[in-house]
Amino acid sequence: MKKFILAVVCLLLVVLVIPLVAVKLNLFSDESQGKSGENFVIKNTADDRVITLSEKEFLYSTVACEMPISFSDEAIKAQTVAAYTYYSNQKEFSEHDEYDFSCDLSKAYKSYEDLKAMWGDNFEEYYNKLTSCVDSVYPEVITENGKTIVAVYHAISSGMTENSSDIFSTHKDYLISVISPGDTFAPGYNTKFNISVEEFKKKSCEYFPELSFEGKTPAEYIKVISSSKAGSALEAELGNKVVKGTQIRECFGLRSSNFTVSFSDDVFTFDLKGYGHGVGMSQYGAEYMALQGSSYKDILAHYYPNTQIREK
């Protein structure tokens, strides 16, 4: 009899507890549920796991990661539509059967508990603001000729966004250079990066293995030879090579490729404008427009010209 009662208790535990645990762990399940309706199936590049999240849950999280919650509602709405469009486009044109797109979820995703820890005593206020903004525009997307666009965005431009053809070598009619004057007021708009001659040579040669500085003085090691309309370095002479400005940015871990460089007292100084690749919507530019009374639709129309907004 005791064995029977024990068996019944164990069965009840299995029936009642396991579903609760499964619900709790569903966010980070390793089992791909395949492509389906209102879910994103994501390969986490941080650990190569494939997980499934509802579109809304992912949006709540990635918007919280991408934009300060202190920003205006209209800026947060613009960020939501841009992010949803970007990831929907990746899903739409995915070449993978197992997942819709890949990203580093350690940077693009925070769980409910993570957000509680991040926002502390302000959690309820901030979470309500976040979900209200996201819910008010979901499932709107930005389109061109009926198709979702590649809605890239960045933190701070130089005061003018970049043409996609200059940065990504791919032209898009909706990713063209537009003014973004509010960025000049953003914190971190102007920054400097200093690096010694020795470290400069080390990083350069690690990134470009066949690079040589032979026959050149340090002051001649690097020279910007062409720039975009918005001011980003397109090409530069580095030692015996001509390289892209985007490669210089990646090589030295610069905040942007919009820079000038000088040399003095055995130190190279990069003077930088902006933060990010500079293409598409500027997040601080969006906030500036929102503070001036622009709606999220005004913001998106400005940064992604020649596009429309519709429900997915």
Side-chain angles (χ1 to χ4, degrees), residues 40 55 58-59 62-63 65-68 71-94 100-101 103 108 133-184 186 228-232 246 256-258 273-312:
F40 282 137
E55 290 182 345
F58 179 72
L59 277 178
T62 198
V63 170
C65 290
E66 291 281 4
M67 180 172 275
F71 274 20
S72 306
D73 286 6
E74 295 304 303
I76 294 174
K77 292 176 187 178
Q79 177 64 44
T80 299
V81 178
Y84 186 50
T85 302
Y86 177 79
Y87 288 110
S88 294
N89 177 271
Q90 288 207 334
K91 177 177 180 177
E92 183 178 350
F93 295 99
S94 174
D100 299 323
F101 57 83
C103 69
C133 288
V134 172
D135 291 350
S136 69
V137 296
Y138 176 84
E140 292 181 5
V141 290
I142 313 163
T143 63
E144 180 193 49
N145 299 323
K147 296 182 179 180
T148 56
I149 68 168
V150 184
V152 292
Y153 42 87
H154 59 281
I156 307 169
S157 79
S158 66
M160 177 178 286
T161 65
E162 298 284 352
N163 290 314
S164 62
S165 55
D166 287 332
I167 304 302
F168 301 137
S169 301
T170 302
H171 174 75
K172 300 287 185 184
D173 288 339
Y174 53 82
L175 293 178
I176 57 176
S177 182
V178 298
I179 61 169
S180 188
D183 290 309
T184 59
S228 70
K229 179 181 177 181
S232 284
T246 51
S256 79
S257 55
N258 194 309
K273 290 182 180 178
Y275 188 16
H277 49 62
V279 181
M281 186 182 75
S282 161
Q283 292 166 322
Y284 274 85
E287 169 66 351
Y288 180 81
M289 288 185 66
L291 292 173
Q292 305 308 306
S294 296
S295 70
Y296 77 94
K297 289 186 176 181
D298 295 331
I299 294 167
L300 295 173
H302 177 72
Y303 285 108
Y304 306 107
N306 310 308
T307 62
Q308 302 78 43
I309 296 175
R310 65 167 175 82
E311 287 198 0
K312 184 178 172 185

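The shown structure was predicted, so the numbers you read here are calculated from the model rather than taken from an experiment. Worth knowing before you read on, the calculation uses all heavy atoms, side chains too, and leaves out hydrogens, waters and symmetry mates.
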When [X] is tested against each of [options] for side chain to side chain contact (heavy atoms under 4.5 Å, CB included), which residue passes?
X      : options                : answer
Val137 : Thr80, Ile76, Ile309   : Thr80
Met289 : Ser294, Ser295, Pro181 : Ser294
Thr307 : Leu300, Val141, Ile149 : Ile149

Identify the heavy atoms of [X] and [Y] that sit nearest to each other, and give their distance.
X      : Y      : answer
Val63  : Gln79  : CG1-CG, 4.4 Å
Gly159 : Thr184 : CA-CG2, 4.4 Å
Ala75  : Ala290 : N-CB, 4.0 Å
Ala108 : Cys103 : CB-SG, 4.3 Å
Leu175 : Gly280 : CD2-CA, 3.9 Å
Ala82  : Ala151 : O-CB, 3.5 Å

Task: Glu66: partners by salt bridge (charged side-chain N to carboxylate O under 4.0 Å, His left out), with sequence neighbours left out - done: none

Could you note down all residue pairs passing salt bridge (Lys or Arg N to Asp or Glu O under 4.0 Å) where [range] supplies at least one of them, sequence neighbours left out?
range            : value
residues 281-298 : none
residues 160-180 : none
residues 74-90   : Glu74-Lys77
residues 134-156 : Lys56-Asp135

Would you give the length of the straight line joining atom [atom1] of [X] to atom [atom2] of [Y], rounded to the nearest 0.5 angstrom?
X      : Y      : atom1 : atom2 : result
Met281 : Ile142 : CE    : CD1   : 8.0 Å
Tyr87  : Phe58  : OH    : CZ    : 4.5 Å
Phe101 : Ser88  : CZ    : OG    : 8.5 Å
Leu59  : Cys133 : CG    : SG    : 12.5 Å

Is it the case that the side chain of [X] and the backbone of [Y] share a donor-acceptor pair, with hydrogens and angles ignored and the cut-off at 3.5 Å?
X      : Y      : answer
Tyr304 : Val152 : yes
Asp183 : Gly285 : yes
Ser158 : Lys273 : no

Task: Any pair counted as ring-ring contact (aromatic ring centres under 6.0 Å, His included), so long as it reaches residues 153-178, sequence neighbours left out - done: His154-His277, Phe168-His277

Open item on the list: List the residues meeting ring-ring contact (aromatic ring centres under 6.0 Å, His included) with Phe71, not counting sequence neighbours, and say none if there are none.
Closed with: Tyr284

Taking only residues two or more places apart in sequence or in another chain, which ones pass side chain to side chain donor-acceptor pair (under 3.5 Å) with [X]?
X      : answer
Tyr138 : Glu55
Thr161 : none
Thr148 : Asn89, Glu92
Tyr303 : Ser180

TODO: With sequence neighbours excluded, tell me which residues meet side-chain contact (heavy atoms from CB on, under 4.5 Å) with Pro139.
DONE: Tyr84, Glu311, Lys312

TODO: Apply side chain to side chain contact (heavy atoms under 4.5 Å, CB included) to the pair Asn163 and Ser228, showing each step before the final yes or no.
DONE: CA-CA 8 Å; Asn163 290 314; Ser228 70; over 6 Å; no

